[in-house]
Amino acid sequence: MKIAIGSDHAGYQLKHVIVEHLKSKGIVYDDYGPGNGLDAVSYVAYGMSVARAVQQGKADFGIVICGTGIGVSITVNKHRGIRGALCCNEYMARMARQHNDANVLAMGARVIGPALALAIVDAFLAEAFESGGRHQVRVNEIGAAEEQNVHC
Ligand code: RB5
């Protein structure tokens, strides 16, 4: 499993905590930046880089972090094939995988603490999509909606 991870300045410290956690578990990752957390940067470019890495199959899942998680989740969900889920607890993370086949996890560093964030990451990465049933039908509908409405 390979992870693409990115943030803005507000998510930079939490991104570092998550990267260390991934390393400790032997999970391979690519860090799409920013490289330092001092300067205020837009979450859009970093969210786009992570979304494209997942879109292009360079990573199995993405993790994006900003202050609230809202900006990065809006950004990644502008990309065809990306199902980004903003999760504030482990239940949301589990459901995002089981029911929505989410492929990008978004979190808000100013909303949740690091311990909860790591628990959310672990829950998200541990769960599998319940394919073949009603959830598959709905995810397929999302794909069809995307084909009708997205032109990027
Ligand atoms: C940065 O101040 C903040 O606006 C950003 O991290 C994020 O919360 C936006 O959605």
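Start at 1 and go down the list; that is how both ligands and their atoms are numbered.
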*Can you name the side-chain contact (heavy atoms from CB on, under 4.5 Å) partners of Ser131, sequence neighbours left out?*
Phe129, Gln136

*Could you tell me the separation between the SG atom of Cys88 and the CD1 atom of Ile120, rounded to the nearest 0.5 Å?*
6.5 Å

*List in chain and number order the residues that pass side-chain contact (heavy atoms from CB on, under 4.5 Å) with Asp39, two or more places apart in sequence or in another chain; answer none if no residue qualifies.*
Asn36

*Greater than 12 external heavy atoms within 6.0 Å of His16's NE2*: no

*Residues which pass side-chain contact (heavy atoms from CB on, under 4.5 Å) with Val41, listed by chain and number, not counting sequence neighbours*: Asp8, His9, Pro34, Tyr46

For ligand 1, list all ligand N or O to protein N or O distances below 3.5 Å, rounded to 0.1 Å.
| unit_1 | atom_1 | unit_2 | atom_2 | d |
| --- | --- | --- | --- | --- |
| ligand 1 | 2 (O) | Arg110 | NH1 | 3.2 |
| ligand 1 | 6 (O) | Asp8 | OD2 | 2.6 |
| ligand 1 | 6 (O) | Gly67 | N | 2.7 |
| ligand 1 | 8 (O) | Gly67 | N | 3.3 |
| ligand 1 | 8 (O) | Thr68 | N | 2.9 |
| ligand 1 | 8 (O) | Thr68 | OG1 | 3.2 |
| ligand 1 | 10 (O) | Thr68 | OG1 | 3.3 |
| ligand 1 | 10 (O) | Gly71 | N | 2.9 |

_NE2 on His79 to CE on Met48, rounded to 0.5 Å_ = 4.0 Å

